[in-house]
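Data first, discussion second: the structure below is written as structure tokens.
The chains referred to below are lettered A, B, ... by the order of the sequence lines, with proteins before strands, and numbering in each begins at 1. On a predicted model such as this, the values are computed, not experimentally measured, just so you know.
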Amino acid sequence: MVKFFLWHAGSEVIQLSVNGQVQRVETGADVARLLQMLELSGKRVAVERNGEIVPRSRYAGTPLADGDALEIVVAVGGG
Amino acid sequence: MNAPTRLPGQTASGDALVIAGKAYRSRLLIGTGKYRDFDETRRAVEASGAEIVTVAIRRTNIGQNAAEPSLLESLPPSKYTILPNTAGCYTAEDAVRTLRLARELLDGHDLVKLEVLGDPNTLYPNVVETLQAAKQLVGDGFKVMVYTSDDPIIAGQLEDIGCVAIMPLASLIGSGMGILNPWNLQLIIDKAKVPVVVDAGVGTASDAAIAMELGCDAVLMNTAVARAQNPVLMAQAMKKAVEAGREAFLAGRMPKKLYSATPSSPASGLIPPKAA
């Protein structure tokens, strides 16, 4: 990725891996902010950050750092 | 085959399936995969009378339409016992990780279906990894319903670990081949003190009835319903088959008698042959 894409509107941006895809959020964003960006706020999901589960009660206040790997899962049809 | 072990005079009414201390009226557990859409899933589950439904745990599609309906809106956890599975996991580590996420997803709900697969062609369980995952999960407070082979020794070990239900295959997942080894299932049933649930292989209603007649406590199926030409009608058929099989088991079948036919009608009082 070209470095200057990581800068926008004057605020610093960090790069995450979310379900294996590159995702950019502003510095200082927490898990709640990421879910809001992804339009997943209030949805029944579970979140893992760098291999550790982030409880729903701690979405707000769990900060994200550059290079974090997140998994966001849902229930789907299955036997 | 041994006579079924049952309480004398037991009837099907008030005959609850108890898993991890919770009683269920239905002895049919339904998987939610492979349906046309969530509406068909919901209608099939309703027709089946199932109270426990399995779900898989998967990455959400980032950037998909956020207003898209979700499975748990069609099958709300307030109405159904949601049983998250570990389908697609080939190691104990992956299975444990998946179920920890599931527990978070379902607000601490700890009844889970463990399956650790050994081979993508047969989806045959890897019992070594399954035993390892079961130990970790039970230690971590999960109530584990475990998919396994029809090996009675492994079934006993899983029970000793503390699994709350043993779920041997009847034949391969999604094969619809029916009950291929009733003798092994019988060995497992005779020994188990926790519910035995046939999981995988049921193809049609008679298979479900046979499983229940053997003395299985319940049957779990997905493909047999979802891949029927009419899934909702098949779900209804499966409900009846499981109930019929259970009642036949409780009733206690007549013994099989080779070469000793006995008429059902009186042998006496026959009209004599006409005089020649």
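- When heavy atoms are compared at a cutoff of 4.5 Å, A/I72 approaches chain B by way of both its backbone and its side chain.
- Among all heavy-atom pairs drawn from A/G79 and B/L220, the shortest one is O-CD2, 4.1 Å.
- Ranked by heavy-atom pairs shorter than 4.5 Å toward chain A, the options B/I82, B/L71, B/L101 are led by B/L101.
- Annotation: B/M177, atom CE; neighbour count of heavy atoms from other residues, nucleotides and ligands within 6.0 Å does not exceed 12.
- The distance from atom CD of A/E71 to atom OG1 of B/T98, rounded to the nearest 0.5 Å, is 10.0 Å.
- Atom NZ of A/K43 is separated from atom OG of B/S70 by 6.5 Å, given to the nearest 0.5 angstrom.
- A salt bridge links B/R97 to A/E48: at least one charged side-chain nitrogen sits closer than 4.0 Å to a carboxylate oxygen.
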**Asked** Is there a side-chain contact (heavy atoms from CB on, under 4.5 Å) between A/V73 and B/R58 once you walk through the steps?
**Response** CA-CA 5 Å; A/V73 301; B/R58 291 289 180 273; over 6 Å; no
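- Checking A/V76, A/V47, A/N19, A/V18 one by one against B/T60, the side chain to side chain contact (heavy atoms under 4.5 Å, CB included) holds for a single residue, A/N19.
- B/A56 and A/G77 get closest at one heavy-atom pair: CB-O, 4.0 Å.
- The nearest pair of heavy atoms linking B/R59 to A/G20 is NH2-N, 3.6 Å.
- With a threshold of 4.5 angstrom between heavy atoms, B/L72 approaches chain A through side-chain atoms but not through N, CA, C or O.
- Among residues 55-64 of chain A, the residues having any heavy atom closer than 4.5 Å to a heavy atom of chain B are, in sequence order, A/P55, A/R56.
- Note: B/N61 CG to A/Q21 CD = 8.5 Å, rounded to the nearest 0.5 Å.
- For the residue pair B/V55 and A/A75, the shortest heavy atom distance occurs at CG2-CB, 4.0 Å.
- Using a 4.5 Å cut-off between non-hydrogen atoms, the part of residues 104-118 of chain B that approaches chain A consists of B/E104, B/L105, B/L106, B/D107, B/K113, B/E115.
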